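Just so we're clear, the structure is a prediction, and the values are computed from it rather than from any experiment.
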Amino acid sequence: MSGATGVATVDRPATDKRTTWLGLCLSLFSMIVIRQGFRAISPEPGTALALTREACMFASAAALVWLVRRREKLSLQSIGIGTSPLLKSLAWGVVTAVACILPAVLIGKFTGYGHGAGSQAFAKLPIWVVLIVVVRSGVVEELFYRGYAIDRLKRLGFSRIASWVIPLVIFSAAHWTGGAANIAIALVLGAIMTAFYQWRQDLVSNMFGHFLLDFATNVLPRLFS
């Protein structure tokens, strides 16, 4: 929690609320818009289209970081980056991933997660493309729905509970293309990720934990199949 205290003393609130609202729109909705745009082109994208989609999502993350540094004039600690030594962040990332594994397995077992049309289309992509998607998922989703959204909603005067719930609900709903099972697993695992972020205020550990979880469930099985 020392990292959270440091952020409060180092950074001042953003003076232009319009910039912060713009950042929130980018963090909460840009991935949804990008995903739906590419689904309109093709529900089952091939390698080239999938890579273009992922590039757009990484670009939106870069735009958000630029906004934080250049428009809001806040440090990256305001979004949970640099609040803890790297090795400590990686170690806690492992803990976060382990905490998510059992709920993920149970939800998958009882909902049939991983057997829908979306999962089948995803499985057709080359494994190196899947790895890129997994990296993007860990980095960009945690940046958008945990690091930026939670802090900025608080700065705009939302309650602590609202600042947790609003990004979590949007994050979960954004997985609707995978059906009810995908929404359920996103809600439960997103809640765990949110809890860890609130406790640690360390976005790097969240990113690494998210990556490890997706790597274990999407990449490892294909490596050993």
Is there a side-chain contact (heavy atoms from CB on, under 4.5 Å) between Tyr148 and Thr20 once you walk through the steps?
CA-CA 10 Å; Tyr148 188 87; Thr20 301; 4.1 Å; yes
Would a single hydrophobic cluster contain both [Y] and [X], if residues Ile, Leu, Val, Met, Phe, Trp and Tyr are joined by side-chain heavy-atom contacts under 4.5 Å?
X: Leu24; Y: Val33; value: no
X: Phe110; Y: Ile183; value: no
X: Trp176; Y: Ile185; value: no

Given the rule in the side-chain contact (heavy atoms from CB on, under 4.5 Å) test, do Asp151 and Ile79 qualify, once you have shown the distances and angles that lead to the verdict?
CA-CA 7 Å; Asp151 178 85; Ile79 53 175; 5.5 Å; no
Sequence neighbours excluded and cut-off under 3.5 Å, please list the side-chain donor-acceptor pairs for residues 58-69, or say none.
residue, atom, partner, partner atom, Å
Ser60, OG, Met57, O, 2.6
Arg69, NH1, Leu74, O, 2.8

Looking at [X] and [Y], what are the two nearest heavy atoms and their distance?
X: Cys100; Y: Pro103; result: O-CD, 3.3 Å
X: Ile150; Y: Trp164; result: CG2-CD1, 4.2 Å
X: Arg146; Y: Leu203; result: CB-CD1, 4.3 Å
X: Phe215; Y: Pro221; result: O-CD, 4.4 Å
X: Ala50; Y: Val129; result: CB-CG1, 4.2 Å
X: Cys56; Y: Ile34; result: O-CD1, 3.7 Å

Show me the side-chain donor-acceptor pairs of residues 166-173 shorter than 3.5 Å, one per line, residues at least two apart or across chains.
residue, atom, partner, partner atom, Å
Ser172, OG, Leu168, O, 2.8
Ser172, OG, Leu187, N, 3.4

As a test of understanding, state which of Ser78, Ser27, Ser163 forms a side-chain hydrogen bond (donor to acceptor under 3.5 Å, both in side chains) with Arg152.
Ser78
Of the options Val133, Leu131, Val130, Ile127, which is the one that meets Asn218 in a side-chain contact (heavy atoms from CB on, under 4.5 Å)?
Val130
Arg39 CZ: over 12 foreign heavy atoms closer than 6.0 Å:
yes
Could you tell me if the side chain of Ser84 sits less than 4.5 Å from the side chain of Trp92, heavy atoms only?
no
Does the pair Trp128 and Thr47 meet the rule for a side-chain contact (heavy atoms from CB on, under 4.5 Å), with working shown?
CA-CA 10 Å; Trp128 63 271; Thr47 297; 3.9 Å; yes
For residues 168-188, the salt bridge (Lys or Arg N to Asp or Glu O under 4.0 Å) pairs (sequence neighbours left out) are none
Between Arg136 and Glu141, is there a side-chain N and carboxylate O pair less than 4.0 Å apart?
yes
